[in-house]
Amino acid sequence: MTPERFDIYDDQQNWIGTSLRSEVHAKGYWHRSFHCWIVRDEGEQRRVLFQRRRDIKDTFPGCYDITAAGHLTAGEQLQDASRELEEELGVYTPFEALTYLLTATQQLQGEVRGVPFIDREFSAVYGLCLNQPLEAYVLQPSEVDSLYEVPLDDLLALFRNEIEVIQATGVQTQPLISPPHSIGHKDPSSSDHAADEPERIVREIRATEFVPHGTAYYTDVLEALYHVPKE
């Protein structure tokens, strides 16, 4: 299977070439990514969804993160990258239905299983209001460990340091029907998705358990999510 390649850029977002995913994270090349946060309305309350990353991920394994996100591969445009919703969550929606929120410039680093990484991204962030229960999502077990939701007010309060912990309701990914595909486009009807209806779980979660995108990222995005049009 062909290794993933990303377009890489200088710090002014000028394209300078392509590089393997492993090199991009090893050498800290700037690259582009797509973020989409999903909200749903329950009466007068708006709730926000987020995922827990699989423990096998090469960056920030086991952390809580954006509802769906992914890198743009070489030659790919943002309109194409919205495929992440379909691949990770089994959600098909046209790119035009998404609401643009902001573009984040992020420099993250860490070490996973003894291998250091530097993740420099220009991230286009979008929002989507989708009024369906957690059980309606088809989670991709090779990427997503579980999917959670909380009141948007609560998650914003967490990142404003107004509260120390949130209680989130989630669904756990079920075992794979067959071995996962690690690279390439994944059809939500393919075998790289959960076999059975996921089971409900409840977790107490702290801000330190999320991918460290930075307080400003989280507060800016969460505030913007109040303005995403109702479904």
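Keep in mind that the numbers below use all heavy atoms, side chains included, and drop hydrogens, waters and symmetry copies. Along the sequence shown, residues carry numbers from 1.
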I need the [X] [atom1] to [Y] [atom2] distance, nearest 0.5 Å.
X      : Y      : atom1 : atom2 : answer
Tyr100 : Phe95  : OH    : CZ    : 10.5 Å
Ser82  : Leu98  : OG    : CG    : 6.0 Å
Tyr64  : Leu147 : OH    : CG    : 11.5 Å
Leu152 : Asp41  : CG    : CG    : 9.5 Å
Thr67  : Leu128 : OG1   : CG    : 9.0 Å
Ile16  : Ile8   : CD1   : CD1   : 4.0 Å

In the structure I gave you, are the side-chain heavy atoms of [X] and [Y] within less than 4.5 Å of one another anywhere?
X      : Y      : result
Glu143 : Glu87  : no
Arg120 : Asp11  : no
Gln172 : Ser146 : yes
Val211 : Leu108 : yes
Leu89  : Leu139 : yes
Glu135 : Arg200 : yes
Glu76  : Phe34  : no
Asp7   : Leu72  : no

Is [Y] reachable from [X] through a run of hydrophobic residues whose side-chain heavy atoms are each under 4.5 Å from the next?
X      : Y      : value
Ile166 : Ile201 : yes
Ile118 : Tyr217 : no
Leu101 : Tyr226 : yes
Phe60  : Ile56  : no
Phe117 : Leu20  : no

Hey, mind stepping through His31 and His25 against side-chain contact (heavy atoms from CB on, under 4.5 Å) and telling me if it holds?
-> CA-CA 10 Å; His31 54 291; His25 287 152; 3.8 Å; yes

Close aromatic pair by centroid cut-off 6.0 Å: Phe210 and Phe50 | yes

Specify whether Trp37 and Tyr218 have parallel, tilted or perpendicular ring planes, treating 30° as the upper limit for parallel and 60° as the lower limit for perpendicular.
-> perpendicular

Taking [X] for the side chain and [Y] for the main chain, is one N or O donor matched with an acceptor at less than 3.5 Å?
X      : Y      : answer
Thr173 : Pro141 : no
Glu209 : Arg206 : yes
Ser33  : Glu121 : no
Arg46  : Leu225 : yes

So which heavy atom on [X] is nearest to which on [Y], and how close?
X      : Y      : result
Cys36  : Ile66  : O-CG2, 3.4 Å
Cys129 : Val228 : N-CG1, 3.8 Å
Thr103 : Ala124 : OG1-CA, 4.3 Å
Thr219 : Phe159 : CG2-O, 4.0 Å
Arg53  : Thr59  : NH2-O, 2.6 Å

State whether Asp145 and Arg54 are salt-bridged, where the test is any N-O pair (Lys NZ or Arg NE/NH1/NH2 against Asp/Glu carboxylate O) under 4.0 Å.
-> no

Is Arg40 paired with Glu231 through a side-chain N to carboxylate O contact shorter than 4.0 Å?
-> no

Going through the checks in order, is the side-chain contact (heavy atoms from CB on, under 4.5 Å) test met by Gln45 and Asp153?
-> CA-CA 9 Å; Gln45 184 185 71; Asp153 290 347; 5.9 Å; no

Test Leu134 against Leu49 for side-chain contact (heavy atoms from CB on, under 4.5 Å), laying out the working first.
-> CA-CA 9 Å; Leu134 293 176; Leu49 282 65; 3.8 Å; yes

Output, in order, the C-alpha distance, side-chain angles, deciding distance and verdict of side-chain contact (heavy atoms from CB on, under 4.5 Å) for Asn14 and Tyr9.
-> CA-CA 5 Å; Asn14 297 306; Tyr9 303 81; 5.9 Å; no

Do you know which of Gln51, His35, Arg52, His213 makes side-chain hydrogen bond (donor to acceptor under 3.5 Å, both in side chains) with Asp65?
-> His213

